[in-house]
Trainee: 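The structure follows.
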Amino acid sequence: MNEVNLKDKTFEVFISDTEIEEIVHSISNQINNSGVKDPLFIAVMNGAFLFAADVMRNITISNAEISFIKLSSYEGTETTGKVDELIGVSDDISDRNIIVLEDIIDTGITLEKIISLLKKEEVADIKVATLLFKPDSYTKDIHIDFIGKSIPNDFVVGYGLDYDEIGRNLPHIYKLKN
Ligand code: IMP
Ligand code: MG
């Protein structure tokens with residue numbers, strides 16, 4: 001399938017499943033060789049679920065653990081409105097070596113929130129791994145330790161990434177057709 005229609009839009013294949021597999025192997029090897037000890041991987045839901053599963057299968061570091069978080073916004077009781085919170089970090093993660101697993105980093109706003117929330121938990125170290133990165137869109141100074149592939153500012157879908165919550169099941173990554 002070179003093209004796919006999701007709701008009102010047409011997408012074309014951009015990164016094939018075989019290329020995704022190569023990227024996953026490469027990033028997993030980089031993590032394995034980074035010297036990180038007893039890592040706690042934290043996968044950011046929903047988009048990173050397939051990436052996280054595939055990376056974990058390739059991790060050979062002793063005592064590797066994985067947990068899942070979701071960033072939620074809710075209407076605060078104060079006048080300020082929306083407050084961000086991490087759902088899922090219930091255990092004590094202080095003094096852990098964290099590796100955040102993201103599907104895509106665009107502006108970096110989400111990543112910045114995740115990092116500041118993790119820092120409040122007094123973790124020992126935070127590293128960031130992302131399948132995709134949009135450098136032209138990135139506005140933050142946070143170092144991204146492991147990047148699968150840098151891409152232009154196209155909207156992409158598939159392999160966990162969604163368009164309006166659909167398309168996550170697609171085995172390839174597609175980009176919006178102009
Ligand atoms: P950021 O906060 O701007 O870095 O955006 C990060 C989040 O926006 C990602 O975790 C995705 O959920 C979503 N996102 C950004 N770009 C895309 C895209 O091209 N396709 C699907 N979701 C995207
Ligand atoms: Mg996401």
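All ligand and atom numbering here is 1-based and tracks the order in the structure. Worth saying up front: this structure is predicted, and the values here are computed from it rather than measured.
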Trainee: With no hydrogens and no angle check, do the side chains of Asp8 and Tyr163 hold a donor and an acceptor under 3.5 Å apart?
Mentor: yes
Trainee: Does the residue Lys113 have a heavy-atom contact with ligand 1, meaning some pair of atoms that are separated by less than 4.0 Å?
Mentor: no
Trainee: Between Arg168 and Glu165, does any side-chain N to carboxylate O distance fall below 4.0 Å?
Mentor: yes
Trainee: Show the numbers, then the answer: is there a side chain to side chain contact (heavy atoms under 4.5 Å, CB included) between Val13 and Val4?
Mentor: CA-CA 8 Å; Val13 170; Val4 66; over 6 Å; no
Trainee: Strictly under 4.0 Å, does any heavy atom of Gly47 approach an atom of ligand 1?
Mentor: no
Trainee: Counting only heavy atoms, tell me which of Lys134, Lys175, Arg168 gets closest to atom 17 (C) of ligand 1.
Mentor: Lys134
Trainee: Please confirm whether Leu161 comes within less than 3.5 Å of ligand 1 when only nitrogen or oxygen atoms on both sides are compared.
Mentor: no
Trainee: Val157 versus ligand 1: do any nitrogen or oxygen atoms come within less than 3.5 Å of each other?
Mentor: no
Trainee: Do Asp136 and Lys134 sit within salt-bridge range, that is, some charged N less than 4.0 Å from a carboxylate O?
Mentor: no
Trainee: Within the 3.5 Å criterion, strictly below it, is a donor on Tyr159 or Asp54 matched to an acceptor on the partner's side chain?
Mentor: yes
Trainee: Under 4.0 angstrom from ligand 1, any heavy atom of Asp154?
Mentor: yes
Trainee: Just to be sure I read this right, does ligand 1 sit under 4.0 Å from the backbone of Asp162, its side chain, both, or neither, counting only heavy atoms?
Mentor: backbone
Trainee: What are the atoms of ligand 1, with element, lying closer than 4.0 Å to any heavy atom of Thr107?
Mentor: 1 (P), 2 (O), 3 (O), 4 (O)
Trainee: Of the choices Ile104, Asn46, Asp106, which has the non-hydrogen atom that lies closest to atom 13 (C) of ligand 1?
Mentor: Ile104
Trainee: Is it true that Glu65 and Arg96 have a side-chain N and a carboxylate O under 4.0 angstrom from each other?
Mentor: yes
Trainee: So, Glu22 versus Ser26: side-chain donor-acceptor pair below 3.5 Å or not?
Mentor: no
Trainee: Would Asn2 and Glu12 satisfy side chain to side chain contact (heavy atoms under 4.5 Å, CB included), going step by step from the backbone distance to the final call?
Mentor: CA-CA 6 Å; Asn2 273 331; Glu12 57 191 354; over 6 Å; no
Trainee: Would Lys37 and Ile61 satisfy side chain to side chain contact (heavy atoms under 4.5 Å, CB included), going step by step from the backbone distance to the final call?
Mentor: CA-CA 7 Å; Lys37 295 270 189 301; Ile61 307 166; over 6 Å; no
Trainee: Does Leu132 reach ligand 1, in the sense of a heavy atom lying below 4.0 Å from it?
Mentor: no
Trainee: Taking only heavy atoms of Thr110, which atoms of ligand 1 are found under 4.0 Å from at least one of them?
Mentor: 1 (P), 2 (O), 5 (O), 6 (C)
Trainee: Going by heavy atoms, is Leu111 under 4.0 Å from ligand 1?
Mentor: no
Trainee: Can you list the atoms of ligand 1 that are under 4.0 Å from a heavy atom of Gly108?
Mentor: 1 (P), 3 (O), 4 (O)
